[in-house]
Number of protein chains: 2
Amino acid sequence: MDIATRVYNHKWKIDPIVRSLIDTDFYKLLMCQSVFRNKPDTRVTFSLINRSDHVPLAKLIDEGELREQLDHIRSLSLSRGESTWLRGNTFYGKRQMFRSDFMEWFEGLRLPPYHLERRGDQYELTFEGTWPEVMMWEIPALAVLMELRGRAVLNEMRRFELQVLYARAMTRVWEKIERLRSVGGPLIADFGTRRRHSFLWQDWCVRAMVEGLGSSFTGTSNCLIAKNRDLEAIGTNAHELPMVYAALAENDQDLAQAPYKVLEDWHEEHDGNLRIILPDTFGSKGFFDNAPDWLAGWTGIRIDSGDPVKGGEMAINWWKSRGEDPREKRIIFSDGLDVEKIVALHDHFKGRVKISFGWGTLLTNDFRGLVPNDALAPFSLVCKAVSANGKPTVKLSDNPEKAMGPEAEIERYKRIFEVGEQERIKVEV
Amino acid sequence: MDIATRVYNHKWKIDPIVRSLIDTDFYKLLMCQSVFRNKPDTRVTFSLINRSDHVPLAKLIDEGELREQLDHIRSLSLSRGESTWLRGNTFYGKRQMFRSDFMEWFEGLRLPPYHLERRGDQYELTFEGTWPEVMMWEIPALAVLMELRGRAVLNEMRRFELQVLYARAMTRVWEKIERLRSVGGPLIADFGTRRRHSFLWQDWCVRAMVEGLGSSFTGTSNCLIAKNRDLEAIGTNAHELPMVYAALAENDQDLAQAPYKVLEDWHEEHDGNLRIILPDTFGSKGFFDNAPDWLAGWTGIRIDSGDPVKGGEMAINWWKSRGEDPREKRIIFSDGLDVEKIVALHDHFKGRVKISFGWGTLLTNDFRGLVPNDALAPFSLVCKAVSANGKPTVKLSDNPEKAMGPEAEIERYKRIFEVGEQERIKVEV
């Protein structure tokens, strides 16, 4: 390293975990533009939720360090090069994906204040403000907490222990890639930003996928890595859209229609591979049963909770029942994937439907078993919209372990969305 | 990397494998000084011998590249800092180990010409000249051939394949170190220069040993690494001394005495931990049977061929037969060691004699099984004195697989040194 770089590095008060506003998932930007257009003034609260309460985040992570990292994120703004990349690039085959009014707004964006308080061994971390700005906190907040927790463990390790730790983790990732290659390369994208081990590690994993999988690796959800490595940015939409739309519903009829209203707004804006249905927010079965016919014309379905084989079969049956040929459709699996699950799903569905995979935490943060007490094992941390214009949000999901919201509201949603018995599946990551 | 460093690197015509005259084993310098004092005008020929003829070196290594590397070594001379380190340092507790006349000679040394010719799939590589200068070719010549053979394999690999290769190799070295630590840390030195994977890799292995083994790691035979990493330089003497002394013997009586004459000269010059007997050049049994009593007063014995348990027992019995207490003596094992052999020998001999280990090729070059066709597996390459003042040298060793010299001379030596039946042991490295 040259002297100037070293001196420059010394000027950093901290070693920032998130150094760019586009070090985030591509679908956040797509959704943000949609929200900016359709619901710009909605006031929302996002909140950190640690579903793995055996991980005592407030004991592991120093509050001062956490504040420094979050403050640093608030100092970030879109760079000229980043703006140019968003404005000039082709995403999903489409030029000018991001409209000028949105880009102007994004160029001026600074993330709003956060509220941080220690509660026992956990942190209460919330973000309040207008939806388009608050929603941009989700990914960097998660990445900061995951990485600070990792640093707490790594700080105790010596130099060669660290080298060997990474050597072992690299070997593991590479063995996964070799396994995927051996089954003929199912299409896979990196969805691992939010719960990654670190930015550099995610970047390494992505580059390993590029070399190891070639064209079977379809890209990364991380915009910064996509930009730096000249890859496709991947992603469509997430639960926060139907959750907030639903919370804003004035009555039961509007609530029942909210998930479809989201997709109507999306339909106007996007076509082709961006028309991907995420059916499970309030239970997939009810969603499909009551879906309008025009939705069957969409390109694909993303399965993000519940038993993925059952979910895939349900999707295929729904398409058939609406007169569609599943072989022309795509299913994207994205829930808690690891190699053997990917291989099994690939084997189960191949030839019957197009399939691809959004591989997240167990790509970019599989340090299981590599340090004493498994102190680097990934865990289930999320950052969700918990209210919109003062009304609580609800998520039911196809796995009741992932449900969230006030008890009474959950019951109301279950009734309206006709959710019956659900299978509980342990949530690992 | 800064621009200046990068531009400077571009000026290298080649990427030199050996960049310093002290990138060699410490015992070569000790022996060189002894030879410089006692036999400076002896003319010797050293020759490369590939004991693993299934490795077709001339097919794997480009002759032009090999010449470039050897020519580069001929351009090297002792730097001021290296000279200062040799002159000012304490070795084995002794200041001014290297006398001024030797240092002046060494400062002026350039390695003599080499003779390189392809013979079928092997190279004939020989060095001729006076003993003190020719002997300094041994280690760099071996290191160059080992590393060029490795590079031929690595050149075909992609970037992440390389990273994962080294990740796997690092993991393996570290697991070996953890295993050694778990048995309570036998004393171990690095003897792996000559057949190392590469200089940088040896350096990494040494630093891993420092961190992982602490004071159980006693140092390295490599002078340059010892200097750079502030470690002990380790080593005493080798077979070339008795081999050349024996070749120079005028008659059978002188021949029988040659191995002891070597140690007489050594005795005058060194004491303490440098008084280590290497008994196996012409068979250990005859050596011990006919050894003068004063040799039993020496500090230790190095076991470098044959069954190491039998060799160690023979050494202990010999000391006892000469009225010495083996618990005051040291045995150094240095033949084809790997972790399980080290652990087994440690268990077998502990409490009965002081033991230490010179761990070579399987520390610094264990890439077995890590690439297709095992193309990086270490193999048995040596560079030996084959004649002295026109007369052939002979080595018998305690393993006939390691014997060398003309058939008739081998028979004569066997008779004179009273060598009976010997056990054949496959030579791996």
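Below, all heavy atoms of this structure are taken into account, side chains as well, without hydrogens, waters or symmetry copies. By convention in this document, chain letters (A, B, ...) are assigned in the order of the sequence lines, proteins followed by strands, and residues within each chain are numbered from 1.
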*Please list, in residue-number order, every residue in residues 216-233 of chain B that has a heavy atom less than 4.5 Å from any heavy atom of chain A; write 'none' if there are none.*
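Under the 4.5 Å heavy-atom cut-off, nothing qualifies.
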*Is there any residue in residues 164-179 of chain B with a non-hydrogen atom under 4.5 Å from a non-hydrogen atom of chain A, and which ones are they?*
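Contacts with chain A: B:Val164, B:Ala167, B:Arg168, B:Met170, B:Thr171, B:Trp174, B:Glu175, B:Glu178.
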*chain B contacts: which residues in residues 153-162 of chain A have a non-hydrogen atom closer than 4.5 Å to it?*
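At a heavy-atom separation under 4.5 Å, chain B is reached by A:Arg158, A:Arg159, A:Phe160, A:Glu161.
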*Heavy-atom contacts under 4.5 Å, residues 362-377 of chain A to chain B*: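 Listed by number, there are no contacting residues, so the answer is none.
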